[in-house]
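One structure is given here, and the rest of the page talks about it.
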Amino acid sequence: MSRKENKKQVAAIKGTKDILPREARKWQQVETVIEATCERYGYREIRTPIFEATELFQKGTGETSDIVMKEMYSFLDKGGRSLTLRPEYTPSIVRAIIEHRLYLQPQPMRYYYIGPMFRYDKPQKGRYRQFHQLDIEVFGEKDAAVDAEIVEMASGLLSQLKVKGTDILVNSVGCRKCRPGYHKELRRQAELARDSLCSDCQRKISTNPLRIFDCKEESCREISQGFPKITDFLCQECDEHFKIFCSYLDLYGLKFKVEPRLVRGLDYYTKTTFEIVSTALGAQDAILGGGRYDDMIKDFGGPDVCGIGFALGVERLLSLIPEEKEPENIVYLVCLGEEAKKEGMLLAQYFHKKNIECLLEYKSRNLSNQMSRANKIGAAWVLIIGEDEIKKKRFQLKNMASGEQEEVTPEEALHIIRGNI
RNA sequence: GUGAGCGUAGCUCAACAGGUUAGAGCACCGGAUUGUGGAUCCGGAGGUUGGGGGUUCGAAACCCCUCGUUCACCCCA
């Protein structure tokens with residue numbers, strides 16, 4: 001095999017990327033904050049397989065959604081089953097809840113998970129074919145207080161992570177009783193204005209009339225302002241739910257915008273939908289989005305248990321968080337000669353057992369060189385092991401930041417290092 | 001799926017308007033300095049210019065195809 005072929009073969013798949021150690025550290029930090037926040041609100045982790053029966057998403061995510069129609073990684077396994085790498089998490093949780101009768105547990109049940117999702121979409125800023133989501137779901141609670149609590153938690157999480165300049169957008173998309181009436185009326189009015197709309201919007205009349213509100217053409221914007229809003233068409237139950245939801249957001253002191261054109265692209269949403277957006281993200285401005293889906297469990301043949309949740313794009317979130325350098329606390333063992341190396345191996349073993357991060361230089365280099373390496377990896381301490389030190393069983397411990405150095409036993413070194421960490 | 005821009009060393013970028021052996025900074029390795037790091041100086045390694053084809057006496061540059069990437073549309077996290 002030629003070098004070129006080899007080079008081509010090892011490249012990461014389009015739309016995927018490696019998370020290298022420097023960035024992985026940031027992921028760990030963010031994941032730790034996310035997990036702690038979720039647990040504090042009573043959420044528990046639930047892990048499901050990364051692939052499922054294709055049918056699960058066709059039924060759950062919706063046959064007419066873009067995700068199912070053109071973005072799924074589906075394939076046949078060797079047993080001829082049609083499987084799909086999950087494009088989103090909600091259907092998997094719903095499946096698990098029904099399969100394990102989790103609805104028999106005290107309600108509401110709260111679950112969270114962070115993991116990779118897969119969508120065959122053209123990559124661009126904030127959009128990858130393998131990406132990660134935090135997914136949180138609450139089941140079995142109709143009260144709009146839980147809708148508000150979820151938004152409050154999401155908002156709190158973002159401020160804890162020092163994400164600034166975000167907006168909370170909320171809407172209600174109604175239910176199966178009131179939504180069809182609205183769609184019909186919106187289509188009717190858009191049809192009347194068809195000739196004045198751009199070609200893009202003309203197409204949206206039949207595909208997704210709500211998207212006309214998003215058009216960037218000035219003329220379309222003006223026209224769409226006269227169109228009816230979903231919030232004017234809600235049935236009494238949905239209308240009350242939405243008003244109470246908004247009043248609870250006020251109670252929390254959260255600033256939000258009612259965005260009647262906010263529509264989630266997934267078919268299953270009912271009543272509350274929301275997004276938190278940031279203009280710093282570019283065209284894909286949603287950090288997280290979600291809503292209520294009161295019919296899904298029932299539609300899957302389970303009991304009539306309602307659900308609500310959101311998905312947060314981890315890559316998008318990370319792109320908004322500045323990198324913070326954490327100081328390394330490594331002890332670097334400098335060894336002068338073969339005997340010193342053996343002594344160093346034993347000392348490294350000693351420090352590792354005492355929970356100290358410690359590295360040993362294997363190559364026999366001169367002291368200057370080894371010091372230079374210690375400096376490069378950002379070691380906080382250097383322990384010098386030479387002939388004299390081995391004889392005395394006392395070693396030179398150097399604080400790399402201050403440059404101070406003293407002769408100590410391993411036990412004393414441990415004490416000093418711990419005292420300064 | 002549609003459209004536009006960009007692919008030169010690990011990274012950031014040079015190379016008049018097509019003309020010797022494709023350069024520099026940072027990073028890396030070695031030395032100055034065989035018991036003391038960061039600074040400085042000297043040296044080294046690293047490239048079939050994403051890949052393939054074409055035009056030309058001559059291509060990193062021009063044309064075509066392809067792959068990748070970026071941004072936007074569609075849609076979404």
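This one's a predicted model, so the numbers in the text were calculated from it and none came from an experiment. Below, chain A is the first sequence line, B the second, and so on; all start at residue 1.
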A/Met72 CE to B/G1 P, in whole Å, measures 17 Å
**Message:** A/Glu357 vs A/Tyr332, test: side-chain hydrogen bond (donor to acceptor under 3.5 Å, both in side chains). Steps then yes/no.
**Reply:** CA-CA 9 Å; A/Glu357 211 176 324; A/Tyr332 196 79; over 6 Å; no
Rounded to whole Å, the CG-C1' distance (A/Asn375 to B/G38) equals 5 Å
Item to complete: Look at A/Arg127 together with A/Asp121 and state whether they make a salt bridge at an N to O cut-off of under 4.0 Å.
Response: yes
B/A60 -> Watson-Crick or G-U wobble partner, both distances under 3.5 Å, gives none
- Task: Determine the contact category for A/Gly378: base if any of its heavy atoms lies under 4.0 Å from a base atom, sugar-phosphate if only primed atoms, P, OP1 or OP2 are that close, otherwise nothing.
- Result: nothing
Atom NZ of A/Lys14 and atom C1' of B/U66 are separated, to the nearest Å, by 12 Å
| Counting any heavy atom closer than 4.0 Å, what does A/Gln396 reach on the DNA or RNA strands: base, sugar-phosphate only, or nothing? | base
A/Asn369 CG to B/A32 P, in whole Å, measures 10 Å
Within the pair A/Gln124 and B/A72, is there a side-chain N or O less than 4.0 Å away from OP1 or OP2? yes
Could you tell me how far B/G68 sits from B/U49 if I compare only their C1' atoms? Round to whole Å.
15 Å
Between B/G51 and B/C11 - P atom distance, rounded Å: 15 Å
Scanning all shown strands, the Watson-Crick or wobble mate of B/G18 with both distances under 3.5 Å is none
_By the 4.0 Å heavy-atom rule, please label A/Glu71 as base, sugar-phosphate, or nothing._
sugar-phosphate
Q. B/U2 and B/U20: how far apart are their P atoms, nearest whole angstrom?
A. 41 Å
Determine the contact category for A/Ser368: base if any of its heavy atoms lies under 4.0 Å from a base atom, sugar-phosphate if only primed atoms, P, OP1 or OP2 are that close, otherwise nothing.
base
(Q) Any donor-acceptor pair, under 3.5 Å, between the side chain of A/Arg127 and the base of B/A77, if you only look at N and O atoms? (A) no
B/U49 -> Watson-Crick or G-U wobble partner, both distances under 3.5 Å, gives none
- Does any N or O donor sit under 3.5 Å from an N or O acceptor when you compare the side chain of A/Glu387 with the base of B/G35? no
Q: Identify whether any heavy atom of A/Ala374 sits under 4.0 Å from a base atom; if not, whether one sits that close to sugar-phosphate; answer base, sugar-phosphate or nothing.
A: nothing
B/U36 -> Watson-Crick or G-U wobble partner, both distances under 3.5 Å, gives none
Any ion pair linking A/Arg394 and A/Glu412 (charged N to carboxylate O, less than 4.0 Å)? yes
Smallest heavy-atom separation, A/Arg129 atom then A/Lys14 atom, equals CD-O, 3.4 Å
Requested in this report: Have a look at A/Ile384 and say if it touches a base, only the backbone sugar-phosphate, or nothing, with a 4.0 Å heavy-atom cut-off.
Outcome: base
Using Watson-Crick geometry (N1-N3 plus N6-O4 or O6-N4) or G-U wobble (N1-O2, O6-N3), each under 3.5 Å, B/A72 is paired with B/U2
Expressed in whole Å, how much space separates the C1' atoms belonging to B/U8 and B/U12? 12 Å
Should the side chain of A/Gln405 and the base of B/U36 be counted as holding a donor-acceptor pair, with the cut-off at 3.5 Å? yes
Please determine whether any donor N or O and acceptor N or O are separated by less than 3.5 Å between the side chain of A/Lys125 and the base of B/U70.
no
Under 4.0 Å between a side-chain N or O of A/Lys376 and OP1 or OP2 of B/C29?
yes
Practice task
Under 4.0 Å between any heavy atoms, over every strand shown, what does A/Gly289 touch: base, sugar-phosphate, or nothing? Just pick one.
Solution key: sugar-phosphate
Rounded to whole Å, the CG-C1' distance (A/Asp285 to B/C74) equals 15 Å
**Report entry** Rounded distance in Å between the P positions of B/C28 and B/G23
**Finding:** 23 Å
P-based separation of B/U70 from B/U33 [nearest Å]:
48 Å
Looking only at atom C1', what distance separates B/A72 and B/G30, rounded to whole Å? 49 Å
(Q) Could you tell me how far B/G18 sits from B/C63 if I compare only their C1' atoms? Round to whole Å. (A) 13 Å
Scanning all shown strands, the Watson-Crick or wobble mate of B/G30 with both distances under 3.5 Å is B/C42
A/Tyr128 atom OH is separated from B/C75 atom C1', nearest whole Å, by 17 Å
Taking a pair to mean Watson-Crick or G-U wobble geometry with both distances below 3.5 Å, B/G25 pairs with B/C11
Which part of the nucleic acid, if any, lies within reach of A/Phe310 when heavy atoms closer than 4.0 Å are counted: base, sugar-phosphate only, or nothing? nothing
What's A/Lys122 touching, base or sugar-phosphate or nothing? Going by heavy atoms closer than 4.0 Å. base
In Watson-Crick or G-U wobble terms, with both distances under 3.5 Å, the base opposite B/U55 is none
